[in-house]
Each structure stands twice: as C-alpha cells, then as structure tokens.
Amino acid sequence: FRNKQQPFEVTYVNEGAQDSGGPYRDALSQIVTEVQGSVLALFIPAANATNNVGTYRDKLVPNPARCSPADLDMYMWIGRFMGVGLRTRDLLAFNLAPLFWKLLIGNSVNRHDLDDIDILCGQSLDAIVNIDREGVDKDSFSSVIDLTFTTVRADGKEIDLIANGASIPVTWNNRREYAVLVEQFKLHEFDKQIQAIRRGIHSVIPPQIFKIFTWDELEVRVCGKSDLDIEFLKLNTIYAGGYSAESPTIKMLWEVMSEMSAEDKTLFLRFTTGCTRLPLTSEEFNVKFKIQLKVYSNPDKYLPEAHTCFFTLDLPKFSTKETLREKLLYAIRECRTIDTDFEVEEEVEF
C-alpha cells in the first residue's frame, strides 16, 4: 500500500496471462461486476430504475434483505475492497446512487435524496399530504385513500412502519405522520449494509481522511468518471512504429471512438487496459496509452491486438474507416480473455 502498487497478483486458470498489471486490473473489474450482479444480489436497482422514471435510473442501492451476519461480512469485505482501490488509486466502477455515498460519509439526507432513488414514492407522499388541494376533506378521505402504516422495501417486501402497522389505517389526522415515517424509512433502509461497508473502508483507510471529501468527490475517487473522455485520452496517448497523431489511421481511430456508444467505450478500455475507467488526472497514468503500428501485408484481414499490462494497442493500417470500425468493435466485443502470453505446447487444429 505504501508504494501504491497492486497488493496481489492474478493467475487465470487455463489462460496464459502473466500479471504485469493487466490481469490484476481485469480481475478488479470482474469483481465489481460480480458483486453488483444479480447472482449475489448484494445490490439491486433503485426504484427509479425499476419504474423507469426520474433521475439516476441506472443506479443501484444495497439490498436491504441482505442483513444476516454473513451478508454484513460480505458488505464489510466490499468496503475493504473499496479501501484498497483508494489506497492504490485503482478505480472501481461501482454504480451506486448518490444516497449511498452521502450516507457513507455521514451526510444528512432529505426528500431530494428520496426523489433520486424513488420519485414515485415522493410524489405519492406529496399527494397524500396535500390531498386537500384536490377537494378531499376529512369526511371523504377514507373513501379516496385506502392505506395502512406499511411501506414496501426496496426488495419488494412489505414492512410495518410502526407496531401492527398493517392494521392501522392512514387517516386525515395521521397522514402527515405516515408521510414522515415512509420518507425516513426509505432514506435509511440501507443503513446496516452501508455501516458494514464503512467499517470495511475504515479498516484500510483512516476515518479522518473521509472528512476531506464531499460525497461526490469520494464517489469519483473510488469509481472514476463513467464517461470516457476522448480528448483527455488523446492528451495521454503516445504513438509508435511509424504512427503519429497526424497519421490517417490514427485520425480514423479517434473518429470511430468518438462515435462509439458509452458501452463500447467501456469495452474499449477493458480491452486495452483491463479496467473500465481512466485515471482522474494525467499525473495518475502509470503508463500512457500507446498506439503502435502492426504491419501486415493485408491489414484488413486482421484485428487490433491489445497488451493490457502496458495499455498498448497494436493497430493495423486499415484501408477505410468502416473497416477499422468493424474490426475494432469485433475485437472489443468478442475478445474477452487475456491469453497472449500463453505458449501452446501441443498442436491444436481449429
């Protein structure tokens, strides 16, 4: 940690990669993908994602159902994992709602944070509290609103907001109390999981360091920026083998990358470096991105190759932009193993 170097080496079974950094970064990316995946279900889509409304529709929240001692140990491990990333400046592409990061550093949260994860719930609470604006009064309230002191947790389970809440109706007189209880429950239903993650981070990073970060600064420091900034990457690129920034093939490459979807840009980074986020500053690049010419007699028959340990792309001199696009997209979408160091000891027929 003191040297900000990778704390372990990675060996992939049945793959020949030698870990000079590429397999390690690839393993970090795979770990993030798995802990955010549906198999472990440690994180689940926020209600805005499920309902496809509001902001942050792509964000995840901790799963409140995962609260056993074994589950909380896993969340604590995730915290340690984040702490390692902070120590070594390896970016981890967690995709968590702002509410998570605010609670993680101990910020207070409010109704705006509820809207970030479940805007329909917020709108429903507003409608109940201000129902008099719709002409509903104390006498007609029960004919319009049929609710009890319960709410639905992020994982879909119905929860009592107070003792025997399922048998206590929401009335004209207690509707504001109900709205406050729902809001507070929704804002804090992940507290156990977030506290476990915080304990894990603090086992690696001194707690006082958190005081220097705002919630969004911490998110960027842990996760990096999700969008690949092509101009920033250009500034941190060197060329070799006969290429320069003015080479026609290089110009075509940057044009193709600028036209890529966000998903394909992420795949490009995974293909070339093993991770899915760029360093935050030019000074944090351990090695610059290198694009070098790969010479073939008929380059249009070949694919680009990557050396993930050294952030290097071997790029043939393709004849057209469309050919470059076709070959590059095929390579980044289909070539998922890190195997170029493997020495085949037996002849294999394909």
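The residues of the chain are indexed from 1 along the displayed sequence. The structure presented is a predicted model; accordingly, all values stated were derived computationally and were not measured.
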Legend entry - Considering all heavy atoms, the nearest Arg80-Ser203 contact: CG-OG, 3.3 Å
Inset, instruction - Return the minimal non-hydrogen interatomic distance between Pro279 and Phe232, and the atom names on each side. - result: O-CE2, 3.3 Å
Legend entry - Chi angles and distances behind the side-chain contact (heavy atoms from CB on, under 4.5 Å) call for Leu233, Met257: CA-CA 11 Å; Leu233 182 58; Met257 289 187 60; 4.0 Å; yes
Legend entry - Salt bridge Arg111-Asp126, side-chain N to carboxylate O under 4.0 Å: yes
Inset, instruction - To the nearest 0.5 angstrom, please state how far the CG atom of Asp118 sits from the CG atom of Asn51. - result: 6.5 Å
Inset, instruction - Check Asn110, Asp115, Ile117 against Asp113 for a side-chain contact (heavy atoms from CB on, under 4.5 Å) and give me the one that passes. - result: Asn110
Inset, instruction - Please report the C-alpha distance between Asn48 and Lys59 in whole Å, then the side-chain angles of each, then the deciding distance to 0.1 Å, and finally whether the side-chain contact (heavy atoms from CB on, under 4.5 Å) criterion is met. - result: CA-CA 8 Å; Asn48 281 356; Lys59 297 299 183 180; over 6 Å; no
Legend entry - Student check: side-chain heavy atoms of Leu253 and Leu324 closer than 4.5 Å: yes
Inset, instruction - Quick one: pull up CG in Leu278 and CZ in Phe289 and give me the separation to the nearest 0.5 Å. - result: 9.5 Å
Legend entry - Greater than 12 external heavy atoms within 6.0 Å of Asp146's CG: no
Legend entry - Phe310 vs Val287 side-chain heavy atoms within contact, under 4.5 Å: no
Legend entry - Side-chain cluster (under 4.5 Å, hydrophobic types only) that Tyr296 belongs to, other residues: Tyr302
Inset, instruction - Indicate if Leu92 and Ile31 have the same hydrophobic cluster label, given that clusters are the connected sets of ILVMFWY residues with side-chain heavy-atom separations under 4.5 angstrom. - result: yes
Legend entry - Approximate separation, where rounding is to 0.5 Å, of Arg87 CZ and Ile201 CD1: 12.5 Å
Legend entry - Neighbour count above 12 (heavy atom, 6.0 Å) for Lys288 NZ: yes
Inset, instruction - Might you work through the salt bridge (Lys or Arg N to Asp or Glu O under 4.0 Å) test for Glu183 and Lys186, ending with a clear yes or no? - result: CA-CA 5 Å; Glu183 179 178 308; Lys186 292 286 187 178; over 6 Å; no
Inset, instruction - Decide yes or no for Tyr330 and Lys327: does some side-chain heavy atom of the first lie under 4.5 Å from some side-chain heavy atom of the second? - result: no
Inset, instruction - Give, for atom CG of Leu96 and atom CD1 of Ile194, the distance between the pair rounded to the nearest 0.5 Å. - result: 9.0 Å
Legend entry - Connected via hydrophobic side-chain network under 4.5 Å: Val182 and Val170: yes
Inset, instruction - Examine Leu187 and Leu120 and state if one hydrophobic cluster contains both, with Ile, Leu, Val, Met, Phe, Trp and Tyr joined whenever side-chain heavy atoms are less than 4.5 Å apart. - result: no
Legend entry - Side-chain donor or acceptor of Thr273 paired with backbone N/O of Leu269 under 3.5 Å: no
Legend entry - Pairwise side-chain contact, Gln195 with Leu72, heavy-atom cut-off 4.5 Å (strictly under): no
Legend entry - Atom of Lys290, atom of Ala240 and distance for their closest heavy-atom approach: CD-CB, 4.2 Å
Legend entry - Whether Asp314 side chain and Glu305 backbone form a donor-acceptor pair below 3.5 Å: no
Inset, instruction - Answer yes or no: is there an ion pair linking Arg325 with Glu322, defined by an N-O contact shorter than 4.0 Å? - result: yes
Legend entry - Joint cluster assignment, Met82 & Leu40, ILVMFWY side-chain distance < 4.5 Å: yes
Inset, instruction - Would you mind listing every ring pair (Phe, Tyr, Trp, His ring centres under 6.0 Å) that reaches into residues 150-194, with sequence neighbours excluded? - result: Phe149-Tyr178
Legend entry - CD/Glu263: more than 12 non-hydrogen atoms of other groups inside 6.0 Å: no
Inset, instruction - Could you tell me whether a side-chain N or O of Asp116 sits under 3.5 Å from a main-chain N or O of Tyr56, the two making a donor and an acceptor? - result: no
Inset, instruction - Answer yes or no: is there a side-chain heavy-atom contact under 4.5 Å between Ile250 and Thr237? - result: no
Inset, instruction - Please determine, by modelled atom types, if Thr150 and Thr148 share a side-chain donor-acceptor pair under 3.5 angstrom. - result: yes
Inset, instruction - Over all heavy atoms of both residues, which pair between Pro304 and Pro316 is shortest? Give the atoms and the distance, please. - result: CA-CD, 4.0 Å
Inset, instruction - Just do the side-chain contact (heavy atoms from CB on, under 4.5 Å) check on Val129 and Ile131 with the steps written out, would you? - result: CA-CA 6 Å; Val129 169; Ile131 200 167; over 6 Å; no
Inset, instruction - Flag the pair Leu315 / Tyr239 as yes when at least one side-chain heavy-atom distance between them is below 4.5 Å, and no otherwise. - result: no
Legend entry - Pairs flagged by salt bridge (Lys or Arg N to Asp or Glu O under 4.0 Å) wherever residues 48-58 is involved - sequence neighbours left out: none
Inset, instruction - Using the rule that two of Ile, Leu, Val, Met, Phe, Trp, Tyr join whenever any of their side-chain heavy atoms come within less than 4.5 Å, decide whether Leu125 and Ile162 are in one cluster. - result: yes
Legend entry - Passing candidate, side-chain hydrogen bond (donor to acceptor under 3.5 Å, both in side chains) with Asp71, options Arg66, Lys192, Gln193: Arg66
Inset, instruction - Check whether the side chains of Ser143 and Ser140 place a donor and an acceptor atom closer than 3.5 Å, and report yes or no. - result: no
Inset, instruction - Supply the atom-to-atom distance Leu293 CG to Lys317 NZ, rounded to the nearest 0.5 angstrom. - result: 5.5 Å
Legend entry - Leu86 side chain near Val204 side chain, heavy-atom distance below 4.5 Å: no
Legend entry - Close side-chain approach of Leu161 to Gln184, heavy-atom, < 4.5 Å: no
Inset, instruction - Look up atom SG in Cys67 and atom CD in Glu189, then write down how far apart they are to the nearest 0.5 Å. - result: 11.5 Å
Would you mind writing out the side-chain donor-acceptor pairs for residues 213-221 within the sub-3.5 Å range, not counting sequence neighbours?
from: Thr214; atom 1: OG1; to: Asp216; atom 2: OD1; distance (Å): 2.5
from: Thr214; atom 1: OG1; to: Glu217; atom 2: N; distance (Å): 3.3
from: Thr214; atom 1: OG1; to: Glu217; atom 2: OE1; distance (Å): 3.3
from: Glu217; atom 1: OE1; to: Thr214; atom 2: N; distance (Å): 2.9
from: Arg221; atom 1: NH1; to: Glu284; atom 2: OE1; distance (Å): 3.4
from: Arg221; atom 1: NH1; to: Glu284; atom 2: OE2; distance (Å): 3.3

Inset, instruction - Check Val35 against Phe43 and note the closest heavy-atom contact, atom names and distance. - result: O-CD1, 3.4 Å
Legend entry - Where Ile44 and Pro62 come nearest, the two heavy atoms and their spacing: CG1-O, 4.3 Å
Legend entry - Contact list for residues 78-116, test ring pair (Phe, Tyr, Trp, His ring centres under 6.0 Å), sequence neighbours left out: Trp77-Phe81
Inset, instruction - Start with the C-alpha gap between Leu235 and Glu231, add the side-chain angles, then the distance that decides, and say whether side-chain contact (heavy atoms from CB on, under 4.5 Å) holds. - result: CA-CA 6 Å; Leu235 291 175; Glu231 294 303 317; 5.8 Å; no
Inset, instruction - Determine which pairs satisfy side-chain hydrogen bond (donor to acceptor under 3.5 Å, both in side chains) with at least one residue from residues 151-164, sequence neighbours left out, and list them in order. - result: Arg153-Asp155
Legend entry - Donor-acceptor under 3.5 Å (Ser247 side chain, Thr249 main chain): no
